[in-house]
Amino acid sequence: MRGNVNIVNSPDDLAVSQMTREQIINMVTITVRRDAAAYPEDYDTNLKEDDEGYIEPDYVYEEMIDQAALDRFGITI
C-alpha cells in the first residue's frame, strides 16, 4: 500500500492529522438507500420479479452525515 494513512479516532488524533473540518465531514458523509415503495401490510417479501403480486422497489438515495463519527472527533455542524 502506498501513501500516508492516518487513523483518526479522537479530537487529539484530529489535531495532529492536519485534516480540515471539511475533509472530516466529507469522509463521514455516506449514501443511504431506502425503499420508498408502498407495500400492502400482508406483502410477501419473498416474491421475485416475475411472480404475481410482485411490487418493484422504489429506491431513494440520500446523503447523510454519520453524527456519531463527528461526535468522536469533537466536530459540530
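Since this is a predicted model, take the numbers as computed values, not measurements. As a basis for the values below, the full set of heavy atoms in this structure was taken, side chains included, without hydrogen atoms, waters or symmetry mates.
- Taking OH of Tyr59 as the start and CZ of Arg33 as the end, the distance is 4.0 Å to the nearest 0.5 Å.
- One distance of note links CD1 of Ile24 with CD1 of Ile75; it measures 5.5 Å at 0.5 Å rounding.
- Asp66 CG to Asp71 CG: the interatomic distance, rounded to the nearest 0.5 Å, is 9.0 Å.
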Worked verdict on Glu52 versus Tyr54 for side chain to side chain contact (heavy atoms under 4.5 Å, CB included): CA-CA 6 Å; Glu52 184 179 330; Tyr54 174 78; over 6 Å; no
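- Note that CD of Glu49 is 13.5 Å distant from CD1 of Ile55, once rounded to the nearest 0.5 Å.
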Steps toward side chain to side chain contact (heavy atoms under 4.5 Å, CB included) verdict (Asp58, Asp35): CA-CA 5 Å; Asp58 180 16; Asp35 186 357; 4.2 Å; yes
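- Pairing each heavy atom of Ala37 with each of Tyr39, the nearest pair is O-CD1, 3.5 Å.
- Residues Ala69 and Val28 approach most closely at CB-CG1, 3.5 Å, considering heavy atoms.
- With hydrogens and angles left out, the side-chain atoms of Asn26 and Glu22 include no donor and acceptor closer than 3.5 Å.
- Put simply, OG1 on Thr31 and CD on Glu63 are 4.5 Å apart, with the number rounded to the nearest 0.5 Å.
- Between Val60 and Ala36, the closest heavy-atom pair is CG2-CB, 3.6 Å.
- Between Tyr43 and Glu41, every side-chain heavy-atom pair lies at or beyond the 4.5 Å cut-off.
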Test log, rule side chain to side chain contact (heavy atoms under 4.5 Å, CB included), inputs Val32 and Ile30: CA-CA 6 Å; Val32 177; Ile30 59 174; 4.0 Å; yes
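- At least one side-chain heavy atom of Leu70 sits less than 4.5 Å from a side-chain heavy atom of Ile65.
- The closest donor-acceptor contact from the side chain of Arg72 to the backbone of Gln67 lies at 3.5 Å or more, if one exists at all.
- Note that the CD1 atom of Ile25 and the CE atom of Met27 stand 11.0 Å from one another [nearest 0.5 Å].
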